[in-house]
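The next block holds one structure in the form of structure tokens; read it before the comments.
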Amino acid sequence: MKSRRDFLKRISAAALAVGTAPFFVPPLSWTLPYPEQQTLDLPGEDGMIVRSSRFFDLETPVEYLNTWLTPVPHFFVRNHTHEPSELNAADWKLSVGGEVEKSLTLTLAELATLESHSVVNTLECAGNGRGLQRPQVPGIQWGKGAVSTARFSGPRLRDVLQRAGVKSTDKHVMFRGLDEVPGKVPPFIRSIPIEKALDPDTLIATHMNGAPLTKHHGFPARALVPGWIGAASIKWLTEIKVLPSEFAGNFMSPGYRFPNQPPKPGDAVKPEDTHVITGLNVKSVISGPLDGSSLKAGKIAVHGAAWAGEADIVKVEVSTDNGATWMVATLGHEQAHFAWRLWAYEWKAKSGEYTLLSRATDSQGRTQPATPVWNPSGYLYNAIDQVKVNVA
Ligand code: MTE
């Protein structure tokens with residue numbers, strides 16, 4: 001394990017050295033200096049790929065995407081700025097205000113008196129796979145692993161909003177985190193439509209896989225907006241505000257928007273020709289065998305995970321001949337509406353060079369495309385996955 005971990009650290013250090021270092025998406029109206037040095041010895045993050053240690057962005061190696069619930073130390077981390085330095089459960093408060101009958105301030109103990117609900121959710125960063133977009137786009141060059149799955153638990157957002165009294169004119173619900181934002185960086189604030197906020201599966205999550213949230217994942221409470229891009233699920237939640245219209249802030253516009261029409265790769269897109277990204281795409285990844293591996297002829301399990309945001313996975317197909325023929329993979333028995341399905345296909349491999357592909361289809365009839373929709377911020381990459389292997 002040690003040598004593999006060192007290997008991964010060397011790979012990510014090398015990637016940083018050759019210029020795939022984290023930098024920020026141009027649509028955001030601010031820039032930050034790149035980290036000069038990477039601290040690669042991050043305690044408790046066994047084998048994770050460091051995409052930024054300044055703001056702490058960790059990618060899950062693809063071979064870890066092989067359990068239905070991702071252990072918390074292997075769950076990817078995405079921070080836009082600094083995590084709050086001081087977080088004390090006893091002092092933490094959540095304010096609920098805006099267009100409500102009665103503003104509230106809740107302590108963690110008060111939140112804990114509300115009925116807890118659990119949702120197994122696959123959380124994926126909108127920028128997952130950005131590093132695979134061609135032509136390349138700026139932003140953190142995520143590979144395939146800015147995605148993980150956990151059982152999130154906590155009170156329903158709906159129950160808190162109903163306590164405060166929602167009005168008929170309410171249209172959006174805004175979340176603010178406790179991030180420490182340097183200089184002119186705008187705070188990480190986003191909003192979701194009231195219908196999604198009142199969905200019984202939208203939570204104020206305090207727990208992940210049965211334990212209190214860790215700091216990296218939003219301790220002591222985060223929004224959990226299942227099936228939607230990770231950016232909707234604000235960590236270190238401190239304020240909820242009900243609004244008559246969508247929150248107008250940097251992370252709603254120009255950030256986290258997708259072109260209404262697929263642009264020509266490399267073309268600029270006007271802000272008025274974009275919309276806010278909500279639900280995730282249909283997607284699959286191969287978590288084994290790994291790209292570039294040398295295998296022995298015989299039975300080889302091709303396996304991975306597939307997810308579709310608010311839709312369900314209905315089929316995963318595997319090709320062992322670069323797409324000439326496709327075979328249906330077996331889906332794992334563990335399933336939940338917003339969670340990925342593990343899948344596997346038993347391949348009887350003879351010696352040769354192979355390109356293995358995986359392609360998922362969902363309950364909305366969406367299928368992974370051969371080519372992703374290129375867009376200037378590299379969001380929602382979901383091309384058919386591929387690995388190349390050699391069988392001896
Ligand atoms: N919440 C706050 N307060 N600050 C952030 O930077 N990042 C968002 C979201 N919530 C972010 C946040 C993004 S872009 C993603 S993908 C998810 O958190 C990642 O959640 P995780 O770090 O628990 O995996």
Side-chain angles (χ1 to χ4, degrees), residues 22 24-25 27-28 30 32 42 44-45 48-52 54-60 64-65 69-85 87 92 94 121-130 139-140 142 145-152 154 174-182 185-192 203-209 211-240 247 249-252 255-257 276-280 307 309 377-381:
F24 280 75
V25 188
L28 304 183
W30 41 274
L32 290 162
L42 298 167
E45 305 296 347
M48 298 292 278
I49 302 166
V50 181
R51 295 287 176 199
S52 162
R54 180 169 187 232
F55 291 140
F56 214 75
D57 291 300
L58 301 179
E59 177 169 336
T60 307
Y64 287 2
L65 307 181
L69 296 182
T70 311
V72 174
H74 293 168
F75 200 103
F76 85 99
V77 179
R78 171 61 170 128
N79 294 335
H80 277 270
T81 63
H82 295 295
E83 297 188 348
S85 48
L87 277 170
W92 177 86
L94 175 64
N121 180 57
T122 293
L123 196 76
E124 185 185 20
C125 185
N128 191 26
R130 180 182 289 126
I140 289 202
W142 295 111
V147 60
S148 303
T149 298
R151 176 175 284 110
F152 293 91
M174 182 209 96
F175 306 116
R176 177 200 295 272
L178 276 169
D179 316 51
E180 289 177 9
V181 286
V185 176
F188 197 75
I189 305 176
R190 300 192 77 246
S191 70
I192 60 170
L203 306 181
I204 301 176
T206 53
H207 286 68
M208 199 172 160
N209 291 350
L213 289 175
T214 60
K215 189 176 174 191
H216 298 324
H217 298 292
F219 174 85
R222 75 180 299 168
L224 193 267
V225 184
W228 284 28
I229 56 165
S233 294
I234 308 294
K235 302 191 278 190
W236 315 292
L237 193 59
T238 186
E239 184 189 357
I240 296 174
F247 176 72
N250 189 75
F251 293 97
M252 299 298 289
Y256 292 109
R257 299 183 79 84
V276 174
I277 308 174
T278 56
L280 293 172
W307 61 97
S377 298
Y379 292 135
L380 297 181
Y381 176 96

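Remember, it's 1-based here, ligands and their atoms both numbered in the order they're listed. A quick note: this is a predicted structure, and the numbers were derived from the prediction, not measured.
Ring geometry, F76 versus W142: the interplanar angle exceeds 60°, so the pair is classed perpendicular (tilted spans 30 to 60°). Relative ring orientation between H74 and Y64 is described as parallel, the plane-to-plane angle staying below 30° on a 0-90° scale split at 30° and 60°. Using the six-membered ring where Trp is involved, Y256 and Y379 have ring planes that are parallel, under 30° apart on the 30 and 60° scheme. Classification of the F75-H217 ring pair by plane angle, with boundaries at 30° and 60°, yields perpendicular.
Side-chain contact check for M174 versus E239: some heavy-atom pair is nearer than 4.5 Å. Between T238 and L94 the shortest side-chain heavy-atom distance does not fall below 4.5 Å.
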Which protein N or O atoms sit under 3.5 Å from any N or O of ligand 1? Give each pair with its distance.
unit_1: ligand 1; atom_1: 1 (N); unit_2: K235; atom_2: N; d: 2.8
unit_1: ligand 1; atom_1: 3 (N); unit_2: D179; atom_2: OD1; d: 2.8
unit_1: ligand 1; atom_1: 3 (N); unit_2: D179; atom_2: OD2; d: 3.3
unit_1: ligand 1; atom_1: 3 (N); unit_2: K235; atom_2: O; d: 3.1
unit_1: ligand 1; atom_1: 4 (N); unit_2: D179; atom_2: OD2; d: 2.6
unit_1: ligand 1; atom_1: 6 (O); unit_2: H80; atom_2: N; d: 2.8
unit_1: ligand 1; atom_1: 7 (N); unit_2: R78; atom_2: O; d: 3.2
unit_1: ligand 1; atom_1: 10 (N); unit_2: S233; atom_2: O; d: 3.0
unit_1: ligand 1; atom_1: 18 (O); unit_2: R222; atom_2: NH2; d: 3.4
unit_1: ligand 1; atom_1: 20 (O); unit_2: R222; atom_2: NH2; d: 3.1
unit_1: ligand 1; atom_1: 22 (O); unit_2: R78; atom_2: N; d: 3.0
unit_1: ligand 1; atom_1: 22 (O); unit_2: K235; atom_2: NZ; d: 2.5
unit_1: ligand 1; atom_1: 23 (O); unit_2: H217; atom_2: ND1; d: 2.7
unit_1: ligand 1; atom_1: 23 (O); unit_2: R222; atom_2: NH1; d: 2.7
unit_1: ligand 1; atom_1: 24 (O); unit_2: F76; atom_2: O; d: 2.7

